[in-house]
Amino acid sequence: DHVATHPGGVARLLHYPGTDGLEQGFEAAGAVETVGIRPHCDFECFTILLQSQSSGLQVLSPDGSWVDAQPIQDTFVMNIGEIMTRMTNGLYKSTIHRVVQKSKTERYSIPFFFSVNYDAVVGPLPSCVTAETPAKFPSITAGEYIIERLKLAVRHNE
Ligand SMILES: O=C(O)CCC(=O)C(=O)O
Ligand SMILES: [Fe+2]
């Protein structure tokens with residue numbers, strides 16, 4: 001529709017080398033911090049992820065446990081991003097996920113982050129705002145929001 005006439009889109013080409021020897025005692029070794037990607041939500045509207053047949057991607061379940069998103073041949077994983085959460089006023093929740101590379105097999109993945117137009121103002125859609133659930137997020141352009149989140153992520157990794 002009108003917020004996706006010239007949408008932003010970014011793809012990452014990721015390679016996680018095999019981690020020989022980390023399979024046992026992985027968590028104890030504190031390797032979660034160093035091999036893979038820390039827990040995060042994607043910022044954009046949604047993500048389409050292609051992953052090789054080596055596992056590693058995990059999704060945080062509402063009960064607080066990490067669930068393996070086992071690769072399924074010829075399928076993509078879709079993640080809801082934070083812009084979608086904001087547009088739906090929290091109804092569609094962005095998924096917290098991480099990558100824990102503890103396999104001897106190397107892993108490749110290609111996430112494609114689909115944003116709406118960077119100059120589109122995103123905020124809770126009128127159909128998602130009611131008297132019982134007032135707007136939980138201010139409106140902001142998608143581009144400004146993504147820059148803000150990227151800056152935070154960079155600061156976090158310092
Ligand atoms: O490599 C993966 O499977 C996930 C990558 C990811 O979550 C990200 O780049 O935001
Ligand atoms: Fe991600």
Side-chain angles (χ1 to χ4, degrees), residues 3-4 6-118 120 122-124 136-137 140-158:
V3 298
H6 47 281
V10 173
R12 297 174 85 189
L13 307 178
L14 299 172
H15 173 233
Y16 308 85
T19 52
D20 202 18
L22 280 174
E23 207 130 13
Q24 281 93 32
F26 181 79
E27 305 269 344
V32 171
E33 289 298 320
T34 53
V35 184
I37 295 189
R38 287 170 199 230
H40 67 280
C41 290
D42 296 344
F43 319 144
E44 294 82 354
C45 196
F46 58 83
T47 306
I48 304 172
L49 176 88
L50 180 64
Q51 53 179 340
S52 62
Q53 287 304 298
S54 178
S55 61
L57 178 62
Q58 298 183 323
V59 177
L60 188 60
S61 139
D63 70 12
S65 62
W66 289 100
V67 178
D68 288 322
Q70 285 295 351
I72 302 171
Q73 190 86 44
D74 300 326
T75 66
F76 295 101
V77 171
M78 297 271 307
N79 288 334
I80 290 173
E82 290 175 1
I83 286 182
M84 176 91 80
T85 301
R86 295 170 82 89
M87 289 173 110
T88 60
N89 203 22
L91 191 63
Y92 289 3
K93 294 181 176 37
S94 50
T95 17
I96 299 178
H97 54 282
R98 68 180 184 181
V99 174
V100 180
Q101 167 58 320
K102 53 185 167 181
S103 163
K104 290 188 174 69
T105 315
E106 61 186 349
R107 168 183 167 81
Y108 289 91
S109 73
I110 308 178
F112 173 72
F113 305 104
F114 181 92
S115 181
V116 294
N117 300 348
Y118 287 142
V122 293
K136 295 177 189 161
F137 306 94
I140 183 170
T141 66
E144 280 174 308
Y145 182 67
I146 288 168
I147 295 279
E148 201 176 275
R149 294 293 283 108
L150 282 172
K151 280 187 189 158
L152 273 179
V154 169
R155 218 173 295 154
H156 204 78
N157 284 335
E158 274 171 1

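When a ligand or atom number is given, it counts from 1 through the structure's own listing order. Throughout, numbering of the chain's residues begins at 1 and tracks the sequence. Quick note: numbers below take in every heavy atom, side chains included, and nothing from hydrogens, waters or symmetry partners.
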Could you check whether any side-chain heavy atom of Ile146 comes within less than 4.5 Å of a side-chain heavy atom of Arg149, counting everything from C-beta outward? no
Rounded to the nearest 10 degrees, what's the angle OD1 of Asp42 makes with NE2 of His40 at the Fe ion (ligand 2)? Could you check? 90°
Can you see whether Gln101 engages Arg107 through a side-chain donor-acceptor pair at a distance of less than 3.5 angstrom? no
Give the atoms of ligand 1, by number and element, whose distance to some non-hydrogen atom of Pro111 is under 4.0 Å. 9 (O)
Using heavy-atom distances only, which candidate in Arg107, Gln58, Gln101, His15 approaches atom 3 (O) of ligand 1 most closely? Arg107
Is it true that Ser55 and Asp68 share a donor-acceptor pair across their side chains at a distance under 3.5 Å? no
Which residue and heavy atom of the protein sit nearest atom 8 (C) of ligand 1, plus the separation: Arg12 NH1, 3.5 Å
For Thr85 and Tyr92, indicate whether the former's side chain and the latter's backbone hold a donor-acceptor pair under 3.5 Å. yes
Only one of Glu44, Glu82, His40 clears side chain to side chain contact (heavy atoms under 4.5 Å, CB included) with Ser94; which? Glu82
Within the 4.0 Å heavy-atom shell around Val99, which atoms of ligand 1 are there? 1 (O), 2 (C), 3 (O), 4 (C)
Closer than 4.0 Å to some heavy atom of Leu14 - which atoms of ligand 1 meet that? 1 (O), 5 (C), 9 (O)
With respect to Gln51, determine whether any N or O atom, backbone or side chain, lies less than 3.5 Å from an N or O atom of ligand 1. no
Below a 4.0 angstrom heavy-atom separation, can you tell me which part of Leu49, side chain or backbone, both or neither, approaches ligand 1? side chain
Going by heavy-atom distance to atom 7 (O) of ligand 1, choose the closest among Arg98, His97, Arg38. His97
Atoms of ligand 1 close to Ser109 [distance to a heavy atom under 4.0 angstrom, numbered from 1]: 1 (O), 2 (C), 3 (O)
Does one side chain, of Gln58 or His97, offer a donor that lies under 3.5 Å from an acceptor on the other? no
So, does Asn79 use its side chain to make a donor-acceptor pair with the main chain of Cys41 at under 3.5 Å? no
Close-contact set for ligand 1 against Tyr16 heavy atoms, below 4.0 Å: 1 (O), 2 (C), 5 (C)
Side chain, backbone, both or neither: which part of Asn79 has a heavy atom under 4.0 Å from ligand 1? neither
Return the closest protein heavy atom for atom 10 (O) of ligand 1 as residue, atom name and distance. His40 NE2, 3.0 Å
Heavy-atom pairs closer than 4.0 Å: do any link ligand 1 to the side chain of Ile37, the backbone, both, or neither? side chain
Has the side chain of Ser103 got a donor or acceptor atom that lies under 3.5 Å from a matching backbone atom of Thr105? yes
Can a donor-acceptor pair be found, under 3.5 Å and without considering hydrogens, that links the side chain of Ser65 to the backbone of Ser61? no
Tell me whether the guanidinium CZ or amine NZ of Arg12 lies under 6.0 angstrom from the six-membered ring centre of Phe113 and within 45° of its axis. no
Can you list the atoms of ligand 1 that are under 4.0 Å from a heavy atom of Phe113? 8 (C), 9 (O), 10 (O)
